[in-house]
Amino acid sequence: MSKEGTFKRRIFPVLFMLIVTLVFISITTIIYTLSKDTIASNEALRSRESILYAAGIPVPGSGQETDRIYGERVEEVTDDKGNIQYYRVKGENSGDVKNIVIITRGPGLWGEITAAIGYDVSGKTISGIEIIDQNETPGLGGRIGENWFKEQFRGKHSPLSLVGEQAAAGPNEIQAITGASYSSKAIQEIVNRASTEAQGIIK
Amino acid sequence: MSNGITFYAIFFAAIFTNNILLTNYLGMCSFLAVSREVKTSQGLGMAVAIVMAATSVLNWLAYRYILVPLDLVYLRFIVFIVIIAAFVQLIEMIIERVSDSLYASLGIFLPLITVNCAILGVCLFMVIREYTLLQAFFYGLGSGIGWALAIIAMAGIRQKMAKARVPKGLAGAGITLIIAGIMALAFMGFSGMIQIT
Amino acid sequence: MAQSKVKRVFLEDLGSGNPVFAQVLGICSTLAVTNVLKNTVVMCAGLVFTTALSNLTVSAMRNVMPGRIRMMVETLIIASYVIIVDIVLRAYLPDVSRQLGPYVGLIITNCIIMGRAEAFALNNPPGLSFIDGIASGLGYSYVLMAIAVLRELLGSGTIWGYRVLWESWTNWSIMVMAPGAFFMLAIFIWIVKGSSKREKK
């Protein structure tokens, strides 16, 4: 076998693969590096928006506005080790604490659900919930992130119970999502557990 | 690290209530192409189950100990695909050496597996859901068994259907999809079965 | 001459050679998100982008690419473009990206992209391959979008998140759940195959 043959059959494919890999990995790395900060600030903004939403404050459209309101009205309460325990949210003009918001996690059908849950100062009435992160089935359990589902929590007391999607919901009842009873139940449990926590904080 | 979901719940949910084929439609291409005969379906189903269980563990390790520490998580698609392809290639070589009969029954399906989206799907799902190693293994195994179960059942039904008269436009892919739809309905009936508390 | 060729490629991919109807290829990754139109549109846009660019790249390399590692190189190219789609979505459309979850990554294993690269890009010049990529991507997209419109409309009474049907409309939950997609796709294939047979006569 000639030397050229060996090169063509053995070395060239490996070399070619190597070069292609390097080229494409560098391209993706460049794009990733360029958008890394945007992704990170998206995530930070998202968590601030969730806290405002859970406290019942209308979330402004622009990121700057959100940062401003957050800076003025939200106070992070840390435990001894410096971890954030919960958030105190002040009223619009007064310095009084109007709401507290807890960020909590719990198992969903497929993975962890992270939610921000807000209460009034009594720690009993829910001022709002926002799903920060979830991996439920898109279009089914994933609908826990939809507005109609989240909005129905406002003003209700724990312990919550579930009814069907198009059934009339009573004072402390939540409409479950059809076809996603497990995800709905997961949220119910997360909120009920957070309520116990909130009452502990108030005390 | 534990997110409180027990591994047997994941295992059974992956087989029945959230069958990767019937609820996520992953692996449809080979499902439609190969489900004509029970025997070939068994071969392919078994191969998929083995590869799925093994690659979910391998990819979990690669993700946790290589990609995350090096901050290369965004390259995961490439890494997962390469690991799957390499693993399939390795298995093929081993089977070829060890047993001719096994190679004849299983080996021919292996090249098909690399492009089976269900396998990559399992790997991506397990990463996004932050499973532990044990959970990932049972998720991979369960999904593989679930996929095999669906394709074998489908092949059985299609064999029976061979003599049935199907409207012309519906023959082939159309009727297979309708059967898959009915199977998905039947599998939904399992959803009350698993109570995780 | 060149224009007619472009036109032919385009029409064939959208019509009789449509990958979904002709071979039932590549429905895996996207069918799952067809219960909401918005997600479907984003997925399809990602797919058109990936198919077109990977076709272009594979075609540009076709004369130097060693045959034995062809599949590996193609997979690598496709995976890179999908990573780009994923990063862009996460940076600029975080809400959609969160909802789609792992499905963006699954574009890699979509058989259409690989299929077009193998069947078309390896034998045709880059420009034409690019057009073919866009056309087959679009041909695939319109089928899925049609399915998504019907599923969202019947299953949730909305289109693109807006309420379209009257308030007392009872949602057909089965449509947003898994079996709905199977039935819809089967009916679509039935209609298309039935009508194309009549044309031939």
Side-chain angles (χ1 to χ4, degrees), chain B residues 18-33 74-82 84-86 89 111 114-129 166-188 191, chain C residues 20-34 71-72 75-87 90 98 101-115 174 177-198:
Chain B
N18 288 71
N19 188 295
I20 191 135
L21 190 106
L22 296 173
T23 58
N24 294 325
Y25 318 100
L26 296 178
M28 281 299 287
C29 305
S30 25
F31 178 72
L32 292 175
Y74 63 99
L75 287 179
R76 63 188 183 279
F77 300 156
I78 292 185
V79 173
F80 286 178
I81 276 276
V82 169
I84 293 169
Q89 199 87 146
T114 318
V115 289
N116 189 322
C117 20
I119 306 215
L120 183 67
V122 163
C123 296
L124 292 177
F125 275 127
M126 104 205 157
V127 161
I128 249 186
R129 292 170 185 162
V166 177
K168 260 196 188 129
L170 210 53
I175 193 71
T176 313
L177 284 169
I178 290 189
I179 299 172
I182 297 171
M183 273 170 67
L185 274 178
F187 271 65
M188 269 169 56
S191 58
Chain C
V20 177
F21 298 135
Q23 304 132 28
V24 202
L25 268 191
I27 48 173
C28 1
S29 46
T30 318
L31 203 56
V33 295
T34 52
M71 295 281 265
M72 280 293 276
T75 313
L76 185 80
I77 292 170
I78 296 168
S80 308
Y81 285 122
V82 173
I83 291 176
I84 294 174
V85 171
D86 184 47
I87 293 173
R90 286 214 316 210
R98 229 188 326 272
Y103 287 97
V104 177
L106 290 175
I107 296 178
I108 298 173
T109 50
N110 191 312
C111 329
I112 287 179
I113 306 179
M114 188 69 121
I174 197 75
M177 288 190 252
F182 285 115
F183 294 137
M184 288 308 284
L185 188 62
I187 292 167
F188 264 80
I189 290 176
W190 190 2
I191 293 170
V192 171
K193 274 197 178 165
S195 60
S196 68
K197 276 213 181 88
R198 225 166 291 136

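Keep in mind that the numbers below use all heavy atoms, side chains included, and drop hydrogens, waters and symmetry copies. Per chain, numbering begins at 1; letters A, B, ... match sequence-line order.
Interface residue B:I128: only side-chain heavy atoms are found under 4.5 Å from chain C. Proximity to chain C (any heavy atom under 4.5 Å) is restricted, for B:L21, to the backbone atoms N, CA, C and O. Contact of B:I182 with chain C is made through backbone and side chain together, with heavy-atom distances under 4.5 Å. Only the side chain of C:I174 comes within contact range of chain B, with heavy atoms under 4.5 Å apart. Heavy-atom distances place the side chain of B:I81, and not its backbone, under 4.5 Å from chain C. Interface remark: C:I108 contributes side-chain atoms only to the contact with chain B (heavy atom separation under 4.5 Å).
Ranked by heavy-atom pairs under 4.5 Å with chain B, the first of C:G180, C:A186, C:A181 is C:A186. Top candidate by heavy-atom pairs under 4.5 Å with chain B, chosen from C:I83, C:D86, C:V82, is C:I83.
For B:Y25 and C:Y103, the ring centers sit 6.0 Å or farther from each other.
Heavy-atom minimum distance, B:L120 versus C:L106: C-CD2, 4.1 Å. Across B:G181 and C:F183, no two heavy atoms sit closer than the pair C-CZ, 3.6 Å.
Atoms CG and CD1, on B:L170 and C:I187 in that order, are 9.0 Å from each other to the nearest 0.5 Å.
Between B:V127 and B:F80 the shortest side-chain heavy-atom distance falls below 4.5 Å.
Using modelled atom types, one side-chain atom of C:N110 and one backbone atom of C:I112 make a donor-acceptor pair closer than 3.5 Å.
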